[in-house]
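What follows is one structure encoded as structure tokens, with my remarks underneath.
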Amino acid sequence: MTTPALSIQNLTKSYDGKPAVNNISLTIEPGEIFGLLGPNGAGKSTTINMIGGVTRIDAGRIEVFGHDNRHDYRTTRRQVGVMHQEIVIDNFFTIDQALKFHAGYYGFRDDPVWRRMLIERLGLGEHLHKVMIKLSGGMKRRFMIAKALIHKPQLLILDEPTAGVDVELRLTLWDFVREINREGTTILLTTHYLEEAEQMCERVAIMNHGNLVALERTDTLLRQ
């Protein structure tokens with residue numbers, strides 16, 4: 001039996017007594033592109049923040065490739081790359097500087113070949129020596145994807161990666177996501193766009209008001 005890439009069991013998180021994530025359970029298999037859909041406030045980002053270890057879990061358990069993300073957090077942090085919905089950048093570093101040292105946060109040496117591949121595939125080359133504050137919104141998103149992948153995670157989490165970006169970047173991004181998935185990276189994608197999930201994801205879960213309201217193969221869900 002294959003160890004799941006991600007196993008979430010009875011996961012719960014409340015703020016001021018109000019549940020943001022309410023006792024959800026799901027499993028993502030290695031090599032899958034899995035979609036997590038739902039409106040704003042559904043609990044998607046809170047779930048992702050708990051997987052990534054930046055939000056404390058109230059109850060339940062998260063395992064990444066069989067490792068508990070609280071008790072074995074060093075291992076799980078190295079296995080997960082997260083592109084957050086909010087643009088999170090270091091305003092006064094250039095793209096080149098930020099990517100060179102970011103892998104070190106996870107205990108990895110800089111890999112120039114991998115770094116150059118990300119720069120090339122995400123179209124960052126012309127902007128390498130610009131400070132972040134000078135980049136357009138689309139270019140900041142491209143950088144955030146490169147940053148999430150710089151330590152070669154086995155599980156890549158993309159939280160609303162195409163929100164507010166142009167069509168060209170959206171298509172470029174999906175081609176790249178499919179490519180790294182073919183090479184073995186498991187993808188968890190949150191999106192507002194059903195057509196995006198339809199094109200990208202084998203299975204889809206839908207959250208609403210912190211609850212998991214559906215979990216099906218994408219084609220089955222669309223028929224329903």
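Please read all numbers here as calculations on a predicted model, not as lab measurements. Note that the numbering runs from 1 along the sequence shown for the chain.
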Point to revise | CG-CZ distance between Asn49 and Arg56, expressed to the nearest 0.5 angstrom | key: 14.0 Å
Review point. What residue pairs, at least two apart or across chains, pass side-chain hydrogen bond (donor to acceptor under 3.5 Å, both in side chains) with a residue in residues 132-153?
Key: Asp111-Lys152
Check your understanding: Does any N or O in the side chain of Thr185 come within less than 3.5 Å of the main-chain N or O of Leu155, such that one atom is a donor and the other an acceptor?
Key -> no
Check your understanding: Do the side chains of Pro19 and Thr12 get nearer than 4.5 Å, heavy atoms only?
Key -> no
Review point. Within the distance-only criterion (no hydrogens, no angle test), does the side chain of Thr186 pair as donor or acceptor with the backbone N or O of Pro30 below 3.5 angstrom?
Key: no
Point to revise | Donor-acceptor pair, side chain of Thr191 and main chain of Ala197, under 3.5 angstrom | key: no
Review point. For Tyr105, which residues count as a ring pair (Phe, Tyr, Trp, His ring centres under 6.0 Å) partner, sequence neighbours excluded?
Key: Phe101, His102
**Study point:** Interatomic distance, Ile62 atom CD1 to Ile51 atom CD1 [nearest 0.5 angstrom]
**Key:** 5.5 Å
**Study point:** Salt-bridge present (Asp159, Lys44; N to O < 4.0 Å)
**Key:** no
Review point. Is it true that a side-chain atom of Thr190 and a backbone atom of Glu160 form a donor plus acceptor pair closer than 3.5 Å?
Key: yes
**Study point:** Interatomic spacing from OG in Ser25 to CG in Asn10 - rounded to 0.5 Å
**Key:** 4.0 Å
**Study point:** Check: Asn22 side chain, Gly210 main-chain N or O, donor-acceptor pair, under 3.5 Å
**Key:** no
**Study point:** Closest heavy-atom pair and its distance - Asn69, Arg77
**Key:** O-NH1, 3.3 Å
Review point. Hey, does the side chain of Thr27 reach the backbone of Ser7 with a donor-acceptor pair shorter than 3.5 angstrom?
Key: no
Point to revise | Salt bridge present between Arg115 and Asp96 (N-O < 4.0 angstrom) | key: yes
Review point. Considering all heavy atoms of both residues, which atom of Ala205 and which atom of Leu215 are nearest to each other, and what is their separation?
Key: CB-CD1, 3.8 Å
Review point. Got a sec, which residues hit salt bridge (Lys or Arg N to Asp or Glu O under 4.0 Å) with Arg203, two or more places apart in sequence or on another chain?
Key: Glu32
